[in-house]
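Report on one structure; see the data block that follows.
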Amino acid sequence: AESMQDESAKQALLNAHNRITSMLVLYDKLYKNENTNEIDMALYLSSLVEEITNTFPIGIGIQEDLDSILIPVKVASSIGIIVNELITNSCKYGFNETRENVITIGLKKNLKKVVLTIADNGTGFNIDESAAGFGMNLVSTLISQIKGKHTIKNKDGIIHTISFSLLQ
């Protein structure tokens, strides 16, 4: 990607790199764990967010509020790709070098439901226009696969809230 002259080709390679990274982090966590059926999402998401944000040249602060929740690997892989897409969008479209850029990620369990929140303090976006892109279509498909619900708010940046049941 660094050697590419064409900006769209460079972005395509970086996007592919980040999608692969989300799977590599998952497999690394599973390899180090005795239980290969479930993964601690706090450990996975913390490592994943760091890997993703390190691929961008601008400084990005991370705030985490992650409960230690064991989630089946199949669901965790979908969540990893969703997180990758949403954080990549924040970094690419919402941030600039003239301000303090912050991503906040939260993961909470409420009875049998898990709530994942990803927020940024970026510029926000037109929800209708951005929903047509490949990344957001992928997010919608993956959320449907885990039988989840997704809400988006433009409030001092973007707030994505994804809720899903652990009873699949």
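Inter-residue side-chain proximity for Ile118 and Val83 is flagged as met; some heavy-atom pair is nearer than 4.5 Å. Within the 4.5 Å cutoff, no side-chain heavy atoms of Ile79 are placed close to those of Tyr44. The shortest distance between side-chain heavy atoms of Arg99 and Asn121 falls below 4.5 Å. In this structure, the side chains of Phe164 and Ile71 come closer than 4.5 Å at one or more pairs of heavy atoms. Side-chain atoms of Ile69 and Asp40, non-hydrogen and from C-beta on, never get closer than 4.5 Å to each other. Between Leu86 and Ile162 the shortest side-chain heavy-atom distance falls below 4.5 Å. In this structure, the side chains of His150 and Leu116 stay at 4.5 Å or more apart for every pair of heavy atoms. Counting heavy atoms from C-beta on, the side chains of Ile58 and Ile60 come closer than 4.5 Å.
Between the side chain of Ser46 and the backbone N or O of Leu43 there is no donor-acceptor pair closer than 3.5 Å. Remark: the backbone N or O of Gly80 is not paired with any side-chain donor or acceptor of Asn84 at under 3.5 angstrom.
When all heavy atoms of Leu66 and Ile105 are compared, the pair lying nearest together is CD2-O, 3.9 Å. Closest non-hydrogen pair, Gly135 versus Glu85, comes out as CA-OE1, 3.3 Å. Smallest separation of non-hydrogen atoms from Gln145 and Ser78: OE1-OG, 4.2 Å. Pairing each heavy atom of Ile159 with each of Ala119, the nearest pair is CG1-CB, 4.0 Å.
Remark: Asp156 CG is loosely packed, at most 12 non-hydrogen atoms of other residues, nucleotides or ligands lying under 6.0 Å away. In Lys74, the NZ atom is not crowded: 12 or fewer heavy atoms of neighbouring residues, nucleotides or ligands sit closer than 6.0 Å.
None of Ser163, Ser165, Ser144 except one satisfies the side chain to side chain contact (heavy atoms under 4.5 Å, CB included) rule with Lys149; the exception is Ser163.
A continuous path of hydrophobic side-chain contacts links Leu138 to Ile158 [ILVMFWY only; heavy atoms under 4.5 Å].
Using a cut-off of 4.0 Å between Lys/Arg side-chain N and Asp/Glu carboxylate O, Asp67 and Lys108 are scored as salt-bridged.
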Do Thr104 and Asp120 pass the side-chain contact (heavy atoms from CB on, under 4.5 Å) test, and can you show the C-alpha distance, the side-chain angles, and the key distance before you say yes or no?
-> CA-CA 6 Å; Thr104 304; Asp120 69 48; over 6 Å; no
